[in-house]
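Take a look at the following structure, please.
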Amino acid sequence: MGNSAKKETSARARQTAILRAIFDAAFERFGPRHWWPGETDEEIVIGAVLTQNTAWANVEKAIANLREARMLSLKALDRAGESEVAQRIRPAGYYNLKARRLKALARFLVERCDGNLSRLRHADPAALRADLLQVYGVGPETADSILLYALSMPIFVIDAYTRRILARHGLARPNASYDELQKLFQSNLAPDAPYYNEYHALLVAVGHRHCKPTPRCADCPLYRAALFATRRSHAEAQRHTRPEVV
DNA sequence: GTCCAGTATC
DNA sequence: GATACGGGAC
């Protein structure tokens, strides 16, 4: 092996070690998170649309409304009128928009698997992802949430918290693309759906409680862990994200 | 960059 | 009252 190849290999091993350290530190504090908190795979798909840029507490109300109206299934949503769906999901916000998105996704999945998601469990993840991205209202995070949480495929979900946490620890550029961040995880961690599942859930927990727009680093479980792995970049990131806190 | 929108939390 | 939320389309 040449010198540059060796360097690449050790850089990759280091990245892997850092990513594992972050998982371990977060898991010790918050895990296991038991995500996705849906009862059925269809409920997870529906929740994936409802939770777009929306707090989960509000999504739960919308899901409860759909359940009460017997509309918490892909076939039911496919049959239902858009304005009826919109009224039911009001608590989740963006209700007109999300009603159209739910209808589009329900149509696609009824067409694809008769609304029976278990039939997709052995589909090719990359191909299915490409198809999902063609559906109105399904972007990368929603598509990947479906693949990972409803279909148990080893696809890493990136969200706003993930981006923020990585950027603040100097592991990614603040404006890194979704695909870039996903590649960081998937090329450094073995494909493992349960591990990816737990990892994303843990990042959300860290983001929600500590890595907020105004960060609370003091008792963050990643503070010591990341300091150990990337002392310099963490300190650097801190300078830019915590102007008033040491 | 702007729009979509109700709800919780400070 | 202001901020933030488990994004995506245009």
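Given the structure is predicted, the values throughout are model-derived calculations rather than measurements. Chain A is the first sequence line, chain B the second, and so forth, proteins listed ahead of strands; every chain is numbered from 1. Below, all heavy atoms of this structure are taken into account, side chains as well, without hydrogens, waters or symmetry copies.
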Report which part of the nucleic acid A:Val138 touches: base, sugar-phosphate, or nothing (heavy-atom distance under 4.0 Å, all strands).
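The residue A:Val138 makes sugar-phosphate contact but no base contact.
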If the P atom of C:dG8 is compared with that of B:dT7, how far apart are they to the nearest Å?
23 Å
Quick one: on DNA chain C, does A:Ala55 or A:Gly137 contact a more 5' nucleotide (nearest heavy atom)?
A:Ala55
A:Lys61 near the nucleic acid: base, sugar-phosphate alone, or nothing, with a heavy-atom cut-off under 4.0 Å?
sugar-phosphate
Do you know which of A:Lys98, A:Glu141, A:Arg101 makes side-chain hydrogen bond (donor to acceptor under 3.5 Å, both in side chains) with A:Gln52?
A:Arg101
Taking atom P of C:dG6 as reference, at what distance in whole Å does atom CD of A:Gln182 sit?
20 Å
Gap between atoms CG and C1', on A:Asp144 and C:dG7 respectively (whole Å):
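The distance from CG of A:Asp144 to C1' of C:dG7 comes to 13 Å, rounded to the nearest Å.
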Heavy atoms from C-beta onward define the side chain here; which of C:dG7, C:dC10, C:dG6 lies closest to that of A:Trp36?
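Of all the options, the side chain of A:Trp36 is nearest to C:dG6.
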Does anything in residues 184-195 of chain A reach DNA chain B, meaning a heavy atom under 4.0 Å, and if so which residues?
none
Nearest whole Å is fine: how far is C:dG7 C1' from A:Leu132 CG?
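After rounding, the reported distance stands at 15 Å.
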Would you classify A:Arg209 as touching base, sugar-phosphate or nothing, given that sugar-phosphate means primed atoms plus P, OP1 and OP2, and contacts are heavy atoms under 4.0 Å?
nothing
Determine yes or no for a side-chain-to-main-chain donor-acceptor pair under 3.5 angstrom, with A:Gln182 supplying the side chain and A:Phe156 the backbone.
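Checked: pair present.
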Over how many whole Å does the gap from A:Asn58 atom CG to C:dG6 atom P extend?
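Spelled out: CG on A:Asn58 to P on C:dG6 is 9 Å.
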Can you tell me if the side-chain N/O atoms of A:Thr142 get under 4.0 Å from OP1 or OP2 in C:dG8?
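Checking C:dG8 against A:Thr142, a side-chain N or O does come within under 4.0 Å of OP1 or OP2.
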Which of parallel (below 30°), tilted (30 to 60°) and perpendicular (above 60°) describes A:His200 and A:Trp35?
perpendicular
Between the base of C:dG6 and the side chain of A:Asp159, is there any donor-acceptor pair under 3.5 Å?
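By the distance-only test, no, there is no pair.
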Rounded to whole Å, please give me the gap between OH in A:Tyr149 and P in C:dG7.
13 Å
From A:Asp114 CG over to A:Leu109 CG, what is the distance, rounded to the nearest 0.5 angstrom?
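Reported to 0.5 Å precision, the distance equals 11.0 Å.
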Heavy-atom closest pair, residues A:Asp78 and A:Arg107:
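The pair with the smallest heavy-atom distance is OD1-NE, 2.9 Å.
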Round to a whole Å and report the spacing from CZ of A:Arg163 to P of C:dG6.
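Taking CZ of A:Arg163 and P of C:dG6, I get 15 Å after rounding.
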Rounded distance (nearest 0.5 Å) linking atom NE2 of A:His210 with atom CZ of A:Arg29
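A:His210 NE2 to A:Arg29 CZ: 5.0 Å, rounded to 0.5 Å.
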Using 30° and 60° as the class boundaries, would you call the ring planes of A:Tyr195 and A:Tyr199 parallel, tilted or perpendicular?
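Perpendicular: the ring planes of A:Tyr195 and A:Tyr199 meet at over 60°.
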Name the first nucleotide and the last nucleotide along DNA chain B (5' to 3') that come under 4.0 Å of a heavy atom in chain A.
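The footprint of chain A covers B:dC4 to B:dA8.
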Heavy atoms within less than 4.0 Å of DNA chain C: which residues of residues 90-113 of chain A have one? Give them sorted by number.
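Within this stretch, A:Leu97, A:Arg101 sit under 4.0 Å of the strand.
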N-O pairing of A:Arg88 and A:Glu68 below 4.0 Å:
no
Determine the minimum heavy-atom distance between A:Tyr161 and A:His208, stating which atoms define it.
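Heavy atoms only, the tightest pair is OH-ND1, 3.5 Å.
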Say you pick atom C1' in B:dG1 and the same atom in C:dG6; how far apart are they, in whole Å?
23 Å
Inter-nucleotide P distance (B:dC4, C:dG1), Å rounded
22 Å
Shortest non-hydrogen contact from A:Tyr196 to A:Leu189?
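Where A:Tyr196 meets A:Leu189 most closely, the heavy atoms are OH-O, 3.0 Å.
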Measure from the side-chain N and O atoms of A:Glu198 to the backbone N and O of A:Arg33, and report whether any donor-acceptor pair falls under 3.5 Å.
yes
Closer to the 5' end of DNA chain C via nearest nucleotide, is it A:Ala57 or A:Val135?
A:Ala57
Are the side chain of A:Tyr95 and the backbone N or O of A:Val85 linked by a donor-acceptor pair below 3.5 Å?
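The answer is no, because no donor-acceptor pair under 3.5 Å joins these two groups.
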Can you check whether A:His208 has a side-chain N or O nearer than 4.0 Å to OP1 or OP2 of C:dG6?
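Indeed, a polar side-chain atom of A:His208 lies that close.
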Distance-minimising heavy-atom pair for A:Leu133 and A:Ala143:
CD2-CB, 3.9 Å
